[in-house]
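Along the sequence shown, residues carry numbers from 1.
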Amino acid sequence: MEFVRTALLGIIAAFGISAASAQDFKSGLVNADTITVGTSGSAPPFSMTSATGELEGFDIDVVNLIAKQLGVTAKFEKLDFAGLLPGLTAGRFDLIASGVTRTPERLASKDFFLLSPYIVNGVAVTRREADSAITGWKDVCGKTMGAVRGGTFQKVAKEKLPADCVTESREYPGATELFLDLENRRIDFAAHDFLGPKYLAKSGKLTGAVTLDDLLSTITQSVAVNNKNKPLADAIDAQFETWRKDGTLQGLADKWFGASIDWSKAQ
């Protein structure tokens, strides 16, 4: 009997999940045997909605792999990005997955667990292709900035750019509305991530716009877990550690971004 128990613990450890986490995280789930996941469905290619109304993207694949590894079902609920962290804090979700940036404030929060990196990204300028006056961040002062409401890219821009550089800005529920207003000339540039717009342009879903290679800051992103379920956070973090090493996360980055992950820049 002891041999069987030891063998089972060895199998669990081999998959990066501690015995305690494997036993305890289910008792803290919002719904039994189900990971309830908040996502925006409007942060391509992290979380997006297909033409048939189905959720797809990097985060959706990551969470489905997590659910499979933990032996539970993933149930996704769509919500504007600005409402995801408050919803997590209120106990509506077990975790949120929508390209959440790992900022110092979020990492220090006691309201949720923001996990180790699953991707390395950057804060970039996306502008209209014909607007050659903007060649990088040095040219955005005095221009109207757009960003996703509740995101961190506009905050990083205002912190790192000269004081009073950005005097007018607008915020949107998601990337779809953001880039539509860019196309319609209601804003001069979008402060957004680097990988997302690159994917949209490559897939033909974003036309007449270009994302510049001038990164204002390197960022890392991950998922956030309900602060009442540390065993779930520990189990997923252990899995991310395994997937960073064995190439699983790189494979998903190849699929959705067509980009290599430079883990040396992970913070």
Of all pairs that satisfy salt bridge (charged side-chain N to carboxylate O under 4.0 Å, His left out), the ones with a partner from residues 54-64, not counting sequence neighbours: Asp61-Lys255
Of all pairs that satisfy salt bridge (charged side-chain N to carboxylate O under 4.0 Å, His left out), the ones with a partner from residues 138-161, not counting sequence neighbours: Glu105-Lys155, Lys155-Glu159
Can you find a pair of side-chain heavy atoms, one from [X] and one from [Y], that are under 4.5 Å apart?
X: Val223; Y: Phe240; value: yes
X: Lys26; Y: Asp33; value: yes
X: Ile119; Y: Phe46; value: yes
X: Trp263; Y: Pro117; value: yes
X: Lys202; Y: Phe257; value: no
X: Ser47; Y: Ile60; value: yes
X: Ile219; Y: Arg102; value: no
X: Tyr118; Y: Phe58; value: yes

Donor-acceptor check, side chain of [X] to backbone of [Y], threshold 3.5 angstrom: yes or no?
X: Asp94; Y: Val30; value: yes
X: Gln250; Y: Ile261; value: yes
X: Thr101; Y: Thr103; value: no

Please report the interatomic distance [atom1]([X]) to [atom2]([Y]), rounded to the nearest 0.5 Å.
X: Thr144; Y: Ile187; atom1: OG1; atom2: CD1; value: 8.5 Å
X: Leu232; Y: Asp237; atom1: CG; atom2: CG; value: 10.0 Å
X: Leu161; Y: Met145; atom1: CG; atom2: CE; value: 8.0 Å
X: Gln239; Y: Thr248; atom1: CD; atom2: OG1; value: 8.0 Å
X: Met48; Y: Leu55; atom1: CE; atom2: CG; value: 10.0 Å

Show the atom names and distances, to 0.1 Å, of all donor-acceptor pairs under 3.5 Å that link a side chain in residues 206-215 to residues at least two apart or in another chain.
from   : atom 1 : to     : atom 2 : distance (Å)
Thr211 : OG1    : Thr126 : OG1    : 2.9
Asp214 : OD2    : Trp137 : N      : 2.9

If I compare all heavy atoms of [X] with all of [Y], which pair ends up nearest, and what's the gap?
X: Asp262; Y: Val120; answer: O-CG2, 3.6 Å
X: Glu183; Y: Arg128; answer: O-CD, 4.3 Å
X: Lys205; Y: Tyr199; answer: NZ-OH, 3.3 Å
X: Leu178; Y: Gly146; answer: CD1-C, 3.3 Å
X: Ser40; Y: Ser98; answer: OG-OG, 2.7 Å
X: Thr34; Y: Leu29; answer: O-CD1, 3.5 Å

For [X], what residues pass the side-chain hydrogen bond (donor to acceptor under 3.5 Å, both in side chains) criterion, not counting sequence neighbours?
X: Ser50; answer: Thr52
X: Glu241; answer: Lys245
X: Asp193; answer: Asn121
X: Arg186; answer: Asp181

Test side chain to side chain contact (heavy atoms under 4.5 Å, CB included) applied to Ile96 and Val225, Thr39, Leu114, Leu88, the passing residue: Leu88
Single-linkage hydrophobic cluster Ile35~Leu65, side-chain heavy atoms < 4.5 angstrom: yes
Connected via hydrophobic side-chain network under 4.5 Å: Leu115 and Leu107: yes
Working for side chain to side chain donor-acceptor pair (under 3.5 Å), residues Thr152 and Arg106: CA-CA 10 Å; Thr152 61; Arg106 288 173 178 170; 4.7 Å; no
Residues that Asp131 engages under salt bridge (Lys or Arg N to Asp or Glu O under 4.0 Å), provided they are two or more places apart: none
With Asp246 via salt bridge (Lys or Arg N to Asp or Glu O under 4.0 Å) - residues at least two apart: none
More than 12 heavy atoms of other groups within 6.0 Å of Asp164 CG: no
Residue pairs, two or more places apart or on separate chains, that pass ring-ring contact (aromatic ring centres under 6.0 Å, His included) and touch residues 140-167: Phe153-His192
Partners passing ring pair (Phe, Tyr, Trp, His ring centres under 6.0 Å) against Phe112 (at least two apart in sequence or in another chain): none
Check residues 70-84 and write down every donor-acceptor pair under 3.5 Å in which the side-chain atom is one partner and the other belongs to a residue at least two apart or another chain.
from  : atom 1 : to    : atom 2 : distance (Å)
Glu77 : OE1    : Arg92 : NE     : 3.3
Lys78 : NZ     : Thr49 : OG1    : 3.3

